[in-house]
2 protein chains.
Amino acid sequence: MGVPTPKQFCPILERPLISYTLQALERVCWIKDIVVAVTGENMEVMKSIIQKYQHKRISLVEAGVTRHRSIFSGLKALAEDQLNSKLSKPEVVIIHDAVRPFVEEDVLLKVVTAAKEHGAAGAIRPLVSTVISPSADGCLDHSLERARHRASEMPQAFLFDVIYEAYQQCTDYDLEFGTECLQLALKYCRTKAKLVEGSPDLWKVTYKRDLYAAESIIKEIISQEICVVMDSKEDNKHVGHLLEEVLKSELNHVKVTSEALCHAGRHLQQIILDQCYNFVCVNVMTSDFQETQKLLSVLEESNLSILYPVVVVSVHFLDFKLVLPSQKTENLMQIKEFSKKVKERNILLYGLLISYPQDEQKLQESLRQGAIIIASLVKERNSGLIGQLLIA
Amino acid sequence: MGVPTPKQFCPILERPLISYTLQALERVCWIKDIVVAVTGENMEVMKSIIQKYQHKRISLVEAGVTRHRSIFSGLKALAEDQLNSKLSKPEVVIIHDAVRPFVEEDVLLKVVTAAKEHGAAGAIRPLVSTVISPSADGCLDHSLERARHRASEMPQAFLFDVIYEAYQQCTDYDLEFGTECLQLALKYCRTKAKLVEGSPDLWKVTYKRDLYAAESIIKEIISQEICVVMDSKEDNKHVGHLLEEVLKSELNHVKVTSEALCHAGRHLQQIILDQCYNFVCVNVMTSDFQETQKLLSVLEESNLSILYPVVVVSVHFLDFKLVLPSQKTENLMQIKEFSKKVKERNILLYGLLISYPQDEQKLQESLRQGAIIIASLVKERNSGLIGQLLIA
């Protein structure tokens, strides 16, 4: 990867890659324990990550010098029923890589089900490039027929007794130079692993470009819903509803909902629980931030921003003819201060001014401009622009 | 990839992927002709791309229904010395994929040199995943030792007579189901291809995530230099120089240069020729856009923005106590209009206000804020925020 940090600790939106992978496994309620093999030097880093991002069901074991030795020590931790250990021997064990953060429940279920039937199972993908075998002199010896081969990916699943037996039987050469767990199960337990077609998302973050790709995918995932918050949801002529409509028509592929702050943010709590990471707070004819401040405190009380940066756009419908520069500047200073404060809580706050009232056509154009600006802020999550007052 | 557009035509920063690949090959002066195999239905699209991005040395041939048939028709076009053809049979031919845009001259030179000596050569990469062979029942038959195999990538190079002979000899089965040109050279001309270690950048854009990665890599490449433009470069106490210093200290990995507009942009022309895609235009104590307009017209005259979007940040050092809101709003309207106009020329224009004069410490903080904002704008190239006046 060409960076000093081990890739599983490389930050994506300021959070280490491995935390995304743990999150993907934690989501799955039928996964009882998650054992992470960590080298001694990284043990403290790992502990702090688990604490900071509140990961659950995690046990740490000392990693070995090779992949197979690390897996083996993980298996040992699950096998040994010590009194002081909260781990107990499972029927089926899943083996996964820290650098494959996008593993979905369905593929986990498929490999586990297949493992119960066949003793072992692993996800596979078609080959992207033809595989060749070089001769000693660095020339082509032969090329493999692409259609007859597959790339072996993760996750893999095994009956615990099968894979543990395999690791106990296998040679030091296997532990040093082997790369394929399915091969060990075949070689030492005569267990023919079932191969399960995986999705492209199973790919392994290997190069710097993979970090870029992962960041874009994560940004896409958390940008799929925007909640428009306004003081009174019932008032149908509320300009907030006009903005909501324009957002809906301008941003396809984005779910736009609206919510009122008034009933003590009760409904809002539900939206937060449903993990909406983008909020547009509508303030009408006021140049202060009361509504926005209410929303921010609700968000700060929730733990929503622990895993992902939350975008809040404070929209102000103001009559530009009436607003005095002094006020404007005060507001500006205010929102800059707010934005710095909430940034510490991983909330990205931006301001957006829309002239109001305007004639129908001009207003529609301003709302469209506003929607484009909101879409950009949500898509990029650009922390360099927090506290700015943008004008539609 | 899960998108309707063929991947070689998928846009990156609004330009089709294949245009980047053509650009990478055009850069290499010793490549005489570039033959692109295009299906009939895409022929017009391809022609318009070549015209819009001013690609040179390109000939189009009708693609076949398989990869090998397309390559064969490309080779035929080079072999036949028709009077009406501007193509002539080369000594060495390079075969490359439209979806590998980051190919560098050094690897092209390596494969060509090796091809001259061995008759054939191709770039290879280590395997990322273990390759396995499934049995008929969808279970693991055996896994290949990763260390003994390589992924065959592009580019590949051949003595023209060798590969042309191979394609003339090879069977319909090869043309239908084959994937490896090196294999054809081996099978039909007993030519053992030399294998050349390639860089990770050679990877093939295959999935949506690869488009994300490519976009991030390209953004990184064009964000490596920022030119600060000011009216007089000689004046050492010029606040533009202070901004330049802060940019240098805040943005590591970015080359920050400065230039004056005054000598008819003579030096500026050189910077444009050196392909700097980011400009910060300093306007001191003025709320109009004279300097910026000069810069914009120089940029518009040049063809700099044909291939990549160019970022221009119009920085205004203003005494906030003196500026009237009316002026401010006028400016705002001005820059919005400018930004819409130059966007058509692929120039992204943003405004940045910095309060001046201020006491030393406050000014330094404003400049630091300004540098962070400039860095964000340059990094993201967010067209949704063009025409905004940001405040440091």
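By convention in this document, chain letters (A, B, ...) are assigned in the order of the sequence lines, proteins followed by strands, and residues within each chain are numbered from 1. Below, all heavy atoms of this structure are taken into account, side chains as well, without hydrogens, waters or symmetry copies. Bear in mind the structure is a predicted one, so any value in this text is a computation, not a measurement.
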Participant: Rounded at 0.5 Å granularity, tell me how far CD1 in A/I391 sits from CD1 in B/I335.
Facilitator: 11.5 Å
Participant: Can you tell me which portion of B/I374 sits under 4.5 Å from chain A's heavy atoms? Options are side chain, backbone, both or neither.
Facilitator: neither
Participant: So which part of B/S135 gets closer than 4.5 Å to some heavy atom of chain A, the side chain, the backbone, both or neither?
Facilitator: side chain
Participant: So, do B/N382 and A/E380 sit near enough that their side-chain heavy atoms are less than 4.5 Å apart?
Facilitator: yes
Participant: Could you tell me which residues satisfy salt bridge (charged side-chain N to carboxylate O under 4.0 Å, His left out) with B/K219, sequence neighbours excluded, listed by chain and number?
Facilitator: B/E215
Participant: Once salt bridge (charged side-chain N to carboxylate O under 4.0 Å, His left out) is applied, do any residues pair with A/R100, and if so which ones, sequence neighbours excluded?
Facilitator: A/D97, A/E153
Participant: To the nearest 0.5 angstrom, please state how far the CH2 atom of B/W203 sits from the OG1 atom of A/T206.
Facilitator: 12.5 Å
Participant: Less than 4.0 angstrom from a charged side-chain N to a carboxylate O is my criterion; do B/E220 and A/R209 meet it?
Facilitator: no
Participant: Please look at B/Q369 and chain A and tell me whether the side chain, the backbone, both or neither of the residue comes under 4.5 angstrom of a heavy atom of that chain.
Facilitator: side chain
Participant: Tell me, for A/A120 versus chain B, whether the close heavy atoms (under 4.5 Å) come from the side chain, the backbone, both or neither.
Facilitator: neither
Participant: Under a 4.5 Å cutoff for heavy-atom pairs, which residue among A/I372, A/I124, A/L186 has the most contacts with chain B?
Facilitator: A/L186
Participant: Have a look at A/S143 and tell me which of B/K187, B/R150, B/E180, B/Q183 forms a side chain to side chain donor-acceptor pair (under 3.5 Å) with it.
Facilitator: B/Q183
Participant: Any sub-3.5 Å donor-acceptor pair from A/K194's side-chain atoms to B/L140's backbone N or O?
Facilitator: no
Participant: Which one, B/G178, B/A147, B/A151, B/A193, leads in non-hydrogen pairs under 4.5 Å with chain A?
Facilitator: B/A193
Participant: Once rounded to the nearest 0.5 Å, what's the spacing between atom CD1 of B/I132 and atom NE2 of A/H149?
Facilitator: 9.5 Å
Participant: Report yes if some heavy atom in the side chain of A/V128 is under 4.5 Å from a heavy atom in the side chain of B/Y207; otherwise report no.
Facilitator: yes
Participant: With a 4.5 Å cut-off on side-chain heavy atoms, are A/L390 and B/L390 touching?
Facilitator: yes
Participant: Between A/K379, A/K204, A/H118, who has the most heavy-atom pairs with chain B when the cutoff is under 4.5 Å?
Facilitator: A/K204
Participant: Between A/S152 and B/S129, is there a side-chain donor-acceptor contact under 3.5 Å, judged purely by atom types and distance?
Facilitator: no
Participant: Is A/E145 in contact with chain B via its backbone, its side chain, both, or neither, using a 4.5 Å heavy-atom distance?
Facilitator: side chain
